[in-house]
Amino acid sequence: MARRRYWLFKSEPSTYSIDDLAREPGGRAMWDGIRNYQVRNLLRDEVRVGDGVLFHHSGIAEPAVVGTARVVRAAYPDPTQFDPRHPGYDSRSSPDAPRWLAVDIALVETFSRPVTLAAMRAEPRLAGLAVLRRGNRLSVTPVPADAWRLIVRLGRG
DNA sequence: GCCAACGTTGGC
DNA sequence: GCCAACGTTGGC
């Protein structure tokens, strides 16, 4: 069995926050809306049930990892791509040939102390973390196991 | 609000 | 298939 891996999932809290996730039944939700091929391929090829997720808030004054979740369902076609009324609708996609994938995640914990981007940048042991790379725009990025452990420890305060 | 980075689109 | 223009993301 493959070792559990770790990822950082970005979301703008005005669109979907960790509090929104906490309000879902069982803290469980579909992670939909991915419309980037690199991220789609990650979901398809690498993200597995049981993997750890750092839940990261972006697009705000103090971007930060605010908690953790777990992958509870592996990649499947994102239903929002088929819905013409949905902003993520893709007319070039069809149920026969879906382009975009979603996974399901479930909340594990909300940090007592969010770990800000600035704090992560200041931590030499996190040098090279994908989310800290200049110009990084991918909404799902890999997190090495030691970086995961450090960020969780910082987040618990 | 600015701007760097990067993906996508479309003319050729 | 190249590449300029454009749109989006997201930190600052």
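Each chain gets a letter, A, B and so on, in the order the sequences are listed, and its residues count up from 1. Computed over heavy atoms, backbone and side chain alike; hydrogens, waters and symmetry mates excluded. As the structure is a prediction and not an experimental result, all values here were calculated from the model.
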Worksheet, complete the sentence: When rounded to whole Å, the OH to C1' distance for the pair A/Y37 and C/dT8 reads 16 Å
Item to complete: Name the nucleic acid region contacted by A/R92, choosing base, sugar-phosphate or nothing; use a 4.0 angstrom heavy-atom cut-off, strictly under.
Response: sugar-phosphate
Worksheet, complete the sentence: Separation of B/dG1 atom C1' from A/I60 atom CD1, nearest Å, is 18 Å
Worksheet item: Side-chain N or O of A/R133 less than 4.0 angstrom from OP1 or OP2 on B/dC6?
Response: no
Worksheet entry | d(CZ, A/R99; P, B/dT8) in whole Å | 10 Å
Discussion item. Measuring to OP1 and OP2 of C/dT9, would you say a side-chain N or O of A/K10 lies under 4.0 angstrom away?
Written reply: no
Practice prompt. Give the nucleotide from the list B/dG7, C/dC12, C/dG10 with an atom nearest to the side chain of A/Q38.
Written response: B/dG7
Fill in: Close side-chain approach of A/H57 to A/S17, heavy-atom, < 4.5 Å
yes
Worksheet item: A/L129 CG to C/dG11 C1': how many Å, rounded?
Response: 15 Å
Discussion item. Distance check needed: C/dG10 P versus A/N136 CG, whole Å only.
Written reply: 8 Å
Item to complete: For A/N36 and B/dT9, give me the distance from atom CG to atom P, rounded to whole Å.
Response: 12 Å
Worksheet item: Is there a donor-acceptor pair closer than 3.5 Å between any side-chain N or O of A/Q38 and the backbone N or O of A/L138?
Response: no
Worksheet entry | Distance in angstrom units between A/L8 CG and C/dG10 C1', rounded | 13 Å
Discussion item. Quick check with a 6.0 Å cut-off and a 45 degree axis cone: is A/R73 positioned over the face of A/Y76's six-membered ring?
Written reply: yes
Worksheet item: Side-chain contact, heavy-atom cut-off 4.5 Å: A/E109 with A/V152?
Response: yes
Response to the item:
Closest of B/dT8, C/dT8, C/dG11 to the A/R137 side chain is C/dT8
Worksheet item: Does OP1 or OP2 of C/dC12 have a side-chain N or O of A/R134 closer than 4.0 Å?
Response: no
Worksheet, complete the sentence: When rounded to whole Å, the CZ to P distance for the pair A/R121 and C/dG10 reads 13 Å
Item to complete: Using modelled atom types only, decide if a donor and an acceptor are shared between the side chain of A/R70 and the backbone of A/I105 within a distance under 3.5 Å.
Response: no
